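This one's a predicted model, so the numbers in the text were calculated from it and none came from an experiment. Count residues from 1 along the sequence.
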Amino acid sequence: MSSPVVNKPQGQTGVQEQKPDILPTLFGEGYGIYGVRRESFVASFLFNILFVAAIVAIGLYVPAHTDEIKKVVTGEAIDISPYVMPDSAKQAGGGGGGGDRDKLEATKGKLPKFAKDQFTPPLVVVRNENPKLPVEPTVVVPPEIRMPQIGTNLGDPLSGVTGPASNGTGSGGGIGSGNGGGVGSGRGPGVGPGWGGGIGGGAYRVGGGVSAPKAVFAPDPEYSEEARKSKYQGTVVLWVVVGPDGRCHEMRVQRSLGMGLDEKAMEAVRQWKFEPARKDGQPVAVQINVEVNFRLY
């Protein structure tokens, strides 16, 4: 007996084929041989987001902060305001100046090399172009200080004169209107207004490697007649600059008593003698406060 014949549509087989997923799932399921861990996918996703955000932030920050980045990279101090260092227990003032008794003011230019010692002062106009022992000119400023340089020739950066070349109206070598082999209007081998080396801002302050002066001769002040009759007592505080010679060179009243006692205090302190302050073993000018007491016994 023959079996019935079943007609099948052309192209079909007896086993139904399973269609693959068209797209993988969020975590990669559906394609590939190896399985995907969801924790790894999330960590990779977050890392890429943070990386892209960092690139965008840097791209926005750099163009807007070019000057600040330059200061950090080069260590350059752009604003010296001008050549003045603030009061600090770690920083000292100082200053310097020079000149060659020229009739013209010093020419504008860059500062010479900073060094702890000076063997040759800087000059704009060199009188002896063939010295027997050439030495690079320097100013006495801590070498770690960085300042912007103006031009290619030596001069005073704060000068407004661009020519003709001049060492300035000061004296003692150097450049400017001061004296002492430095640059600027101060005194000494440093730079700017002030005393005895360093960057301008006045005489050195105690601290930052600068010792305090010690009084070795300090006679008592006299009483004014007005204060004696009134039995007036108190303390006058004077701001004093003690020079490298141990003498008082500048003075003003910081705290007054009146009745003629301020003047008596200044008269007495002008006679005082000090063991000078020292920096790197060398005597330097330093500014201090001096208390002068008036007591009736």
Side-chain angles (χ1 to χ4, degrees), residues 13 15-96 108-117 136 138-160 162 183-184 190-194 197-202 204-210 279-280:
T13 62
V15 181
Q16 186 177 358
E17 295 181 357
Q18 184 177 0
K19 295 181 179 179
D21 295 334
I22 297 176
L23 294 174
T25 64
L26 177 64
F27 296 100
E29 296 175 355
Y31 283 131
I33 298 175
Y34 303 102
V36 177
R37 297 179 59 185
R38 299 190 178 203
E39 297 82 357
S40 300
F41 178 84
V42 172
S44 176
F45 178 77
L46 293 177
F47 174 80
N48 282 279
I49 290 295
L50 293 175
F51 180 77
V52 172
I55 294 296
V56 172
I58 293 173
L60 294 175
Y61 179 86
V62 171
H65 298 81
T66 303
D67 292 339
E68 289 84 350
I69 295 172
K70 179 181 177 182
K71 292 178 188 178
V72 173
V73 172
T74 64
E76 190 175 76
I78 302 301
D79 183 16
I80 305 302
S81 298
Y83 301 165
V84 173
M85 300 178 79
D87 294 345
S88 170
K90 296 181 179 180
Q91 291 179 321
K108 189 179 187 70
K110 69 175 184 178
L111 293 172
K113 179 182 177 181
F114 293 172
K116 293 183 178 181
D117 300 297
E136 182 179 9
T138 59
V139 286
V140 178
V141 174
E144 58 270 18
I145 293 180
R146 300 285 299 277
M147 295 179 63
Q149 297 292 0
I150 301 173
T152 57
N153 298 321
L154 295 182
D156 183 354
L158 297 183
S159 173
T162 57
V183 176
V191 175
I199 298 293
Y204 283 103
R205 299 166 180 83
V206 175
V210 180
K279 184 179 187 299
D280 299 325

Asp280 CG to Asp117 CG distance, which is reported to the nearest 0.5 Å: 8.0 Å
Side chain proximity check, Thr138 to Pro112, heavy atoms < 4.5 angstrom: no
Atom of Asp156, atom of Val183 and distance for their closest heavy-atom approach: CA-CG1, 3.9 Å
Sidechain-backbone polar pair: Lys108 side chain, Pro157 backbone, donor-acceptor under 3.5 Å: yes
By side chain to side chain contact (heavy atoms under 4.5 Å, CB included) - contacts of Lys116 (at least two apart): Pro143
